[in-house]
Every structure is written in C-alpha cells, then in structure tokens.
Engineer: 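Supplied in structure tokens, the structure appears directly below.
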Amino acid sequence: MELGIFELLISIGIIFLGLYYYTYSKFDYWIKRKIEGPKPIPFFGNFKDVILGKKHDAMLIQEFYEQFKNEPLVGIYSLSSPKLIVKDLDLIKDVLIKDFNVFADRGIKIHEKVEPFSLHIFNLEYKRWKPVRAKLTPIFTSGKLRDMFYLIADCGTHFQNYVERLAEKSDAVDCRELTAKFTTDSIGVCAFGLNMNSIAEEDSEFRKFGRSLFEPSFRNKAKRLLRQFAPAIYDVIGRYMQPAADKFFEKCVKETMTFRKDNNVRRNDFLDLLIDLKNNPEKIQTFELTDQLLISQAFVFFAAGFETSSTTMANALHELALNQDIQDKLRKEINEELEKCNGKLTYDSVKNMRYLDQIIKETLRKYPPVTMLVRKTLTSYTFNDTKCTIPKNMSVFIPIWSIHRDPEIYRNPEVYDPERFSEENEKSRHPMTFLPFGDGPHNCIGSRFANYQSKVGIISVIQKYKVEICDKTCKDYRLIPQAIIAMPKGGLHVKLTKV
C-alpha cells in the first residue's frame with residue numbers, strides 16, 4: 001500500500017519529533033547533578049557553531065570557560081551526549097596525574113578499517129598505548145637528542161641559506177610555509193634518515209603531502225566532524241575521504257625499512273627503533289605488532305611533529321616582528337652564546353639560551369597548537385571536594401587555550417611577554433597553568449625534540465635577519481574554524497631583511 005503525501009508528512013513529522021525528544025530528553029543530565037553549563041539545543045547540543053563551521057572549538061570552549069567563571073566544572077553536550085569541562089587546576093592535576101589510572105584513555109574512537117594510520121600512540125587505548133609508549137620513549141631521551149643534534153643544526157644551516165634567498169627578494173614571507181619547510185626536513189633526517197628536500201625544492205612531495213594533512217579544507221573539516229559527532233557514518237564512508245598522503249608516506253617508510261634491512265644500515269633513530277620492535281615481537285606480548293601499527297607511529301611523529309613545531313615557530317616570528325625590543329634582546333643572547341662556541345651552534349649553546357626558552361614558552365602559552373585535552377573515564381569517578389560523580393566512559397575536556405588566556409592566571413593575556421616565564425614567575429604559578437604538551441603519563445612524547453627543533457629554527461632566522469611587519473602582517477588574530485591545529489585567518493606574513 002502506497003503512502004499518500006499526507007501520510008508521508010505525518011511519518012516524517014513523527015520521526016522528527018522522535019529524534020527531537022531523544023536528544024532533548026537527555027538535556028537534564030547536568031541539571032540533575034547540579035552542574036552549571038550552557039543551555040543546549042536539540043540535535044546540536046552546545047556545538048552548533050562548531051558543526052556549522054562558524055567557530056573554532058577553542059573559542060567556543062573559551063566562551064563557556066568565561067561564562068561560568070567561578071565554576072570548577074562545566075557541563076556541556078556534544079549533540080545529545082553529556083561531556084564535562086574541568087576548569088579547577090587541582091582537579092585538572094587529579095585527572096592528568098594523580099588519578100591517571102581512571103583517565104588513562106583519551107576517548108578517541110579508532111577507525112582501523114577506514115584510517116590505516118589511526119593506530120598511533122596518540123589514539124591507542126590504554127591496553128596498547130602503555131607498552132608502545134614504553135618502547136618508544138628511549139628514542140626521545142636527552143642523550144639521544146644530544147646525539148642527533150648535529151642533524152638538526154645542519155638542517156638549520158640549510159634553512160638559514162634559504163632565508164637569505166628570500167630576504168634578497170624583499171617580498172612578504174608566509175611564516176607558516178617557511179617554517180614548515182624546515183621542520184619537515186629536520187624530522188625527516190632525524191627520525192627516518194630521509195632527505196625530504198622541502199627547503200631545496202619548492203615542489204617537494206613531502207611538503208606537498210604534509211600540507212594536505214592539516215590544511216583547513218572541506219574534506220579535512222568533514223572528516224573531523226564525522227569522526228567526532230557521527231562515528232558510525234564515518235565507519236561507512238571514511239575510506240573515501242583518506243588523503244593521498246597516507247599511501248605516499250606508507251610507501252616511503254616501507255621502502256626505507258627494506259633498504260636498511262637489505263643493506264645492513266643502522267642510524268639508531270626513530271625508524272630503527274620501529275624496526276627493532278618488528279624484529280623482536282616478543283618485546284610486546286599483549287597484542288600483535290602489525291606493520292600498520294608500526295607505520296602508524298612513524299606517520300604521527302612526522303605529521304604532528306612538523307606541523308605543531310612549524311606553527312609555534314611561525315607564531316614566534318610573528319610576535320617578534322610586532323615586538324622589536326624582544327627581538328633585539330633575543331638576537332643579542334644568540335650572538336653572545338654563539339661567540340662562546342666559536343660561532344658553532346651546539347646542544348649546550350641552545351640549552352644556555354634562557355631568553356629564547358622564555359620566548360618559546362610564551363609563544364606556546366599564547367598560541368598552544370593543541371587547544372584542548374580530552375580524557376575518558378575507565379571507571380566511575382567522584383571529583384575531590386565536589387559532589388559530582390561521573391560514570392564510566394564519560395569524556396572530560398581540559399581547556400588549554402582558555403587556561404593560557406585566563407587574565408587571573410596571566411595578567412593581560414593578549415600581551416606577548418616572555419618575562420612571564422622567568423624562573424621566579426614560573427615557580428609562582430600552579431603547574432597546571434601551562435599545558436602545551438599536556439602533563440602526566442600522557443604528556444607529549446616528542447616535546448623535547450619539538451622544543452629544540454623550534455629553537456634551532458628561530459636561531460637560524462633571528463641570528464642574521466631582522467623580522468618586520470609588512471602590509472600583509474596579521475592585525476586581527478582570529479582562528480580558522482576548520483583548522484585542526486590552531487592557525488589564524490589570512491596566515492602569518494612578515495618581511496625579512498639582513499641585519
């Protein structure tokens with residue numbers, strides 16, 4: 001029996017009302033628990049502007065953070081699912097460190113079938129994350145970094161020569177593209193023994209594919225939204241949304257691993273560590289070490305490493321162009337330290353540049369590339385000194401961007417001031433007020449490498465070149481809503497002139 005138009009409309013209406021009731025009926029979750037929060041709307045919860053591409057999630061969370069200024073916890077809804085923003089610094093410390101065993105998962109759904117490289121250390125659930133993290137940690141010690149520092153410094157020299165060619169043209173320079181060339185090459189050489197040629201070649205394939213992973217394109221935004229808000233749909237169509245960079249990178253890593261094995265080549269780098277794990281599977285006995293899982297670790301180290309560091313460097317150059325007095329003070333420190341080493345950049349000379357360290361930290365404070373941490377409960381949990389108990393599998397958000405820009409923590413947070421990170425000022429603040437790399441067991445495994453890589457890049461520019469504002473310099477720093485790593489609309493442009 002065919003439905004008439006009236007019956008069809010009635011059926012659609014019933015379905016709509018059913019969905020409406022299904023979502024709306026859950027919106028008393030936080031009310032019942034007496035947790036304050038913004039009022040949700042059906043179908044979207046509190047994320048309408050994010051889903052519609054009008055606002056970056058960092059800015060949305062900051063609105064909630066400021067709206068409920070005196071609340072230690074803020075209840076929100078992702079579609080109809082309740083989530084919790086943790087604002088109180090002591091409670092954040094409990095989540096990240098003290099009670100890590102309860103919050104050991106990041107709560108990220110892994111789509112193994114549609115995303116071949118999603119099995120990396122950032123996504124893995126606790127069972128697989130713990131042994132993989134333990135086996136990867138040795139490559140990121142200070143001793144290992146000291147041993148490979150000459151490779152980073154060599155990339156810095158090539159980078160400085162490239163900057164010289166750009167400065168001669170007197171054109172506006174896109175800081176993000178400039179610094180990404182350097183970080184792509186340094187990670188390629190240090191971690192995989194590969195010459196990415198991003199600096200030497202304008203059309204380097206590594207740079208092209210690396211750029212595609214994080215560009216705020218419609219496809220990348222759609223993937224991110226479907227993963228977060230409609231994982232079941234993503235499981236069906238996600239395979240058609242994967243970038244060409246995946247296959248390209250897989251081919252490069254496999255070929256390099258095969259070459260090293262066939263020619264008995266060893267560099268004691270990140271890739272060799274993965275080869276060791278592959279050849280000695282008994283080191284991890286709780287699950288199978290597949291090629292896909294191993295290559296996933298290489299992929300995330302390359303992808304996340306070049307983008308977060310290049311963004312930090314770009315933001316630092318942008319601020320140095322706006323603050324010439326800070327730039328002059330930094331250049332003075334760089335020259336003084338290099339003079340002690342006969343002009344040669346060494347691991348120790350970079351370590352001794354205290355003001356440069358303050359600049360990197362202030363840049364990460366004002367522009368944290370990762371704007372929010374997510375943790376998921378493995379059991380029910382009651383927050384200390386509160387009556388709030390949350391169940392197993394509840395996701396909590398740690399709002400890094402909002403904490404870093406809280407005027408009660410950092411006075412005049414929009415002002416760029418490296419002195420915030422003098423030794424005295426650092427000691428006076430709660431340790432959870434600065435979280436660019438997270439904290440606790442889940443902290444960023446590559447933070448030390450990222451730190452030195454960023455510093456070498458900044459030194460390579462500032463030592464011999466003055467960074468100045470130009471007509472294209474960003475005057476109003478507003479985040480691109482679709483961006484995965486926080487970046488501003490219009491890019492970051494400066495002018496370079498030789499000192």
Engineer: Centre-to-centre under 6.0 Å for Trp401 and His56, is that the case here?
Structural biologist: no

Engineer: Do the ring centers of Tyr126 and Phe103 come within less than 6.0 Å of each other?
Structural biologist: no

Engineer: Do the ring planes of His318 and Tyr477 sit parallel (below 30°), tilted (30 to 60°) or perpendicular (above 60°)?
Structural biologist: tilted

Engineer: So which atom in Glu337 and which in Asn352 form the shortest heavy-atom distance, rounded to 0.1 Å?
Structural biologist: OE1-CB, 3.5 Å

Engineer: I'd like to know whether Asp476 forms a salt bridge (charged side-chain N to carboxylate O under 4.0 Å, His left out) with Arg478, so could you lay out the CA-CA distance, the side-chain angles of the two residues, the decisive distance to 0.1 Å, and finally the verdict.
Structural biologist: CA-CA 6 Å; Asp476 185 15; Arg478 294 189 180 186; 2.7 Å; yes

Engineer: Tell me, do Ile359 and Ile458 make a side-chain contact under 4.5 Å, heavy atoms counted?
Structural biologist: no

Engineer: How are the rings of Phe149 and Tyr452 set to each other: parallel, tilted or perpendicular (split at 30° and 60°)?
Structural biologist: perpendicular

Engineer: Which atoms form the tightest heavy-atom contact between Val50 and Asp57, and what is the distance?
Structural biologist: CG2-CA, 3.8 Å

Engineer: Going by side-chain contact (heavy atoms from CB on, under 4.5 Å), name the residues that satisfy it together with Asp328, two or more places apart in sequence or in a different chain.
Structural biologist: Arg331

Engineer: Specify whether Tyr410 and His404 have parallel, tilted or perpendicular ring planes, treating 30° as the upper limit for parallel and 60° as the lower limit for perpendicular.
Structural biologist: perpendicular

Engineer: Is the distance between the ring centroids of Phe434 and Phe421 less than 6.0 Å?
Structural biologist: yes

Engineer: Give a yes or no on whether a salt bridge exists between Arg405 and Glu66, defined as a side-chain N under 4.0 angstrom from a carboxylate O.
Structural biologist: no

Engineer: Run the numbers on Val102 and Leu378 for side-chain contact (heavy atoms from CB on, under 4.5 Å), then give the verdict.
Structural biologist: CA-CA 5 Å; Val102 178; Leu378 298 180; 5.6 Å; no

Engineer: Is the His120 ring parallel, tilted or perpendicular to the Phe122 ring (thresholds 30°, 60°)?
Structural biologist: tilted

Engineer: Write down the atom of Ile92, the atom of Ile403, and the distance for their closest heavy-atom approach.
Structural biologist: CD1-CD1, 3.5 Å

Engineer: Should Gln160 and Glu164 be marked as a side chain to side chain donor-acceptor pair (under 3.5 Å) after you check the CA-CA gap, both sets of side-chain angles, and the distance that decides it?
Structural biologist: CA-CA 6 Å; Gln160 194 172 67; Glu164 181 175 10; over 6 Å; no

